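Since this is a predicted model, take the numbers as computed values, not measurements.
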Amino acid sequence: MPRIQLEAGDDHIERLAHENDPVRAVIELVWNSLDADAHEVHVNLVRNEADGVIGVEVTDDGHGMPPEELTSAFRWVGNSWKRTASQSKGERRPLHGRYGQGRLRAFALGTQVVWETVGHSLDGQRLRSVVRGDAAQRNGFDSSDSTVSEAPTGTRFVASGRDSLDRLSTEKARDRATAAFAPYLIAMPDIEVTYDGARLSPGDNIALDSSYDLAWEHDDAQQQGTLRIIEWNQADERAVHLCDGAGVPVDTLDTAPAADFQYSAYVLWDDMPQHHSEWILARLESTPSVVGVLLREVDRLLEEHFETRRAQRRRQLVEEWKDGNVYPYEGEPSTEEEKVERATFDVVATAIRRHIPSGTKQKKLTLGLLRKSIQERPNDVSALLDQYVGLPSEEREQLDRLLKRTSLSRVIRASSDVTNRLEFLRALELMVFDPETNKLVGERAHLHRILESELWVFGEQFNLMVSERGLAAALDRHMELLGEDRTDKEPVRLIDGKVGRLDLLLSVAATEHDRNRHLVVELKAPRVTAGSKELTQIKNYAKAVAQDPRFASSTTEWDFWLVTGEIDDDVRQEANQDGRERGLVFAPSLPSAPGAKVRVWVRDWGQIIEEARHRLDYFQKSLQHDPSFEDARDYLRRNHGDVIPEGLLGDSGPGDATDSAAS
């Protein structure tokens, strides 16, 4: 009976190549070089004119492949000579490749792949051979006749034909390669591997290197190994590698715990190569195999290690905060409740350390806000932390034990928001009160445009509805808020027949107790002293709304603010009348809409700034520092640089010009 030779089809070869993972292909090629006793391996990325990666070249100074080994090396999928060997041929190094699949993964790097290799033949001659492969025929390779060569031994691999290899140039790719070779390169410092022109030096990036003895029992047999955990200073890496006793990876698990750490864990076991790919089933077995028992022990040690590291990190970070005078507690806790609160704060604060601002003032404010939130309004912290920083389940469980409720998302946002608002108030003082500066600030060109994005100064409840539009636009938005369509397109006119133009129309974000609230703000340039003319203007706006039945609504309140830096005596008298609230100058009755309110107020910037600052009173006390005028200028540069006049960013602050003249 004739023997049928089993051959691999193109589709199987394509699956083995893992063509969606070019980084893995590069790592496999480097391992082939190291298995060939190379002392120098260089991975060069080939780029086009647009700096895109279109090819890869890997060169080494290893022993190369002699002609008599080429046929067997490229014919078989599996059956590698390395499977039965434990060490390399020359220097007796630990071997990585044992499954005869590394060369197939080269197709992940190009549709055309070439190996140029120089090795010693059996009779001692140095011979050069070339092997070529094409992705169109993955199950076959073409080899050239070998020729005598004077070149040193080694192999040069070249891949081309793909234009989607940019991921090879990322830091993540370099981190992954560094982690893969870390134990090997640390143990053999004389070996050099360069990646895209830079040497892989895992030792320079190690934050902590820890090792634990592994001991487990299976079928009455005692097994021993080592768990090595390398934590990185800077690396986008978190992985658990299953390795032989020398640290050469055999498999890599698809998930790794401790998402809040950057690390590589290496499970070192002499027999690991005999259990290649068994970990996948071992996770599912009801009766664990030897690999399954091993993985359970590894999980336990990893959990203990990172729990200890979190505690160390918390202590270290808290001490840094104390030394920097930003920690929101003083002394030691005196009651059990205070101990629980302090422990809760430390866990939460250190968990979000990457989201805490680096500046001393903002850091102090953030930590103060977090403390207050934990004390007064806790709510679903662990879920929010998981959303922000990807907390692992074990740390979420710890937080659930410590916390009841907290509003963490607001705390994180408030940290920078409050500081920005304090700085803006200082900037507003600079713009409206400094006699030298307010000459430069115009109403529409500067102040108006800035306030469009700083509406919180008028009250947290308001949203912008209309800016620099006529009363007709205000009517449209009003009707929209009531859920009605305006079929009457007649313009809204003032008493004198003119069409008014509003500076800012604000409305609350939602109906409150079945009532709608609108706020019309009429701005005046800081240098303008408001008198009867300006007051009459805003009263006319209010009268137009009060007298136009289309605005009538018993559930709507209209407030009109004349906002200015100074007012004359006549306006001041109107704004300070017996029996009325301070600033209220006009409140007509509306027979057509009983219950509706239309009011006109005169507000100066001093009042508005003071009220806004009062709303931030707690946060300002937590900050324990008023923003300087330079802080204010810096805020304007960052947030309103396209609006403010250049002269506003000069070095002098309020009073400087006066002080200088007096001296």
*Take the angle between the ring planes of Phe141 and Phe107 and call it parallel below 30°, perpendicular above 60°, tilted in between.*
parallel
*Do you know the tightest heavy-atom contact between Ala265 and Leu302?*
CB-CD2, 4.1 Å
*What's the spacing between Asp190 CG and Leu185 CG if we round to 0.5 Å?*
10.0 Å
*Rounded to the nearest 0.5 Å, what separation is found between the CD atom of Glu303 and the OG1 atom of Thr308?*
10.0 Å
*Can you tell if the side chain of Trp279 reaches within under 4.5 Å of the side chain of Val250, non-hydrogen atoms only?*
no
*Enter the distance from Ser164:OG to Ile54:CD1 here, rounded to the nearest 0.5 Å.*
11.5 Å
*Around Arg132, counting heavy atoms of other residues, nucleotides and ligands shown, do more than 12 lie under 6.0 Å from its CZ?*
no
*Going by heavy atoms in the side chains, are Leu317 and Tyr327 under 4.5 Å from each other?*
no
_Please find the pair of heavy atoms, one from Gly324 and one from Thr360, that lie closest to each other, and give the distance._
O-CG2, 4.5 Å
*Would you indicate whether the side-chain heavy atoms of Leu127 and Val148 approach each other to under 4.5 Å?*
yes
_Does atom NZ (Lys322) have a neighbourhood of more than 12 heavy atoms from anything else shown, all under 6.0 Å?_
yes
*Considering non-hydrogen atoms only, spot the tightest contact between Ala239 and Thr252 and give its length.*
CB-CG2, 4.3 Å
*Would you indicate whether Asn233, at its atom CG, is surrounded by more than 12 heavy atoms from other residues, nucleotides or ligands within a distance under 6.0 Å?*
yes
*Answer whether the closest heavy-atom distance between the side chains of Tyr195 and Thr178 falls below 4.5 Å.*
no
*What's the verdict on side-chain contact (heavy atoms from CB on, under 4.5 Å) for Asp175 and Trp232, showing C-alpha distance, side-chain angles and the deciding distance?*
CA-CA 10 Å; Asp175 292 341; Trp232 307 108; over 6 Å; no
_Rounded to the nearest 0.5 Å, what separates atom CD in Gln224 from atom CG in Leu268?_
13.0 Å
*asked:* Considering only residues two or more places apart or on different chains, which pairs with a residue in residues 206-220 satisfy side chain to side chain donor-acceptor pair (under 3.5 Å)?
replied: Asp209-Arg228, Tyr212-His305, Glu217-Gln222
*Which atoms form the tightest heavy-atom contact between Ala179 and Glu237, and what is the distance?*
CB-OE2, 3.4 Å
*Smallest separation among heavy atoms of Ile206 and Ile186, with atom names*: CD1-CD1, 3.7 Å
*Please tell me if the side chains of Trp269 and Leu242 come closer than 4.5 Å, counting only heavy atoms from C-beta onward.*
no
_The test is side-chain contact (heavy atoms from CB on, under 4.5 Å); show your working for Ser129 and Met65 and say whether it passes._
CA-CA 8 Å; Ser129 305; Met65 289 181 285; over 6 Å; no
_So does Arg105 get a backbone contact from the side chain of Glu28, meaning a donor-acceptor N/O pair under 3.5 Å?_
no
*Look at the side chain of Arg167 and the backbone N and O of Val23, then say whether any donor-acceptor pair between them is shorter than 3.5 Å.*
no
_With a 3.5 Å distance limit and no angle check, can you tell me whether Asp60 reaches the backbone of Leu34 through a side-chain donor-acceptor pair?_
no
*Verify side-chain contact (heavy atoms from CB on, under 4.5 Å) between Trp115 and Leu29, making sure each step is shown before the conclusion.*
CA-CA 11 Å; Trp115 285 263; Leu29 288 165; 4.3 Å; yes
_Taking side chain to side chain donor-acceptor pair (under 3.5 Å) as the cut-off, I'd like each qualifying pair that reaches into residues 48-59, sequence neighbours left out, listed once._
Asn44-Glu57, Arg47-Asp51, Glu57-Arg156
*Are Leu109 and Phe157 close enough that some pair of their side-chain heavy atoms sits under 4.5 Å apart?*
yes
*Glu320, CD: over 12 other non-hydrogen atoms inside 6.0 angstrom*: yes
*Side chain to side chain, Met272 and Leu294, heavy atoms closer than 4.5 Å*: yes
*Tell me, do Asp236 and Gln262 make a side-chain contact under 4.5 Å, heavy atoms counted?*
no
*With ring centroids as reference points, do Trp31 and Phe181 lie under 6.0 angstrom apart?*
yes
_Asp61 versus His39, closest heavy-atom pair with distance_ = OD1-N, 2.7 Å
*Reported OG-to-CZ distance for the pair Ser121 and Arg126, which is rounded to 0.5 angstrom*: 11.0 Å
*Using side chain to side chain contact (heavy atoms under 4.5 Å, CB included) as the criterion, list what pairs up with Glu297, not counting sequence neighbours.*
Leu214, Arg300, Leu301
_Residue from Asp166, Val56, Leu165 passing side-chain contact (heavy atoms from CB on, under 4.5 Å) with Pro22_ = Leu165
*Taking the six-membered ring of Tyr263, is NZ or CZ of Arg309 closer than 6.0 Å to its centre and within 45° of its axis?*
no
*Going from CG on Asp35 to NE2 on His63, what distance comes out if it is rounded to the nearest 0.5 angstrom?*
8.0 Å
*Evaluate the criterion side-chain contact (heavy atoms from CB on, under 4.5 Å) for residue pair His120 and Thr153; output intermediate values, then yes/no.*
CA-CA 8 Å; His120 286 106; Thr153 61; 3.6 Å; yes
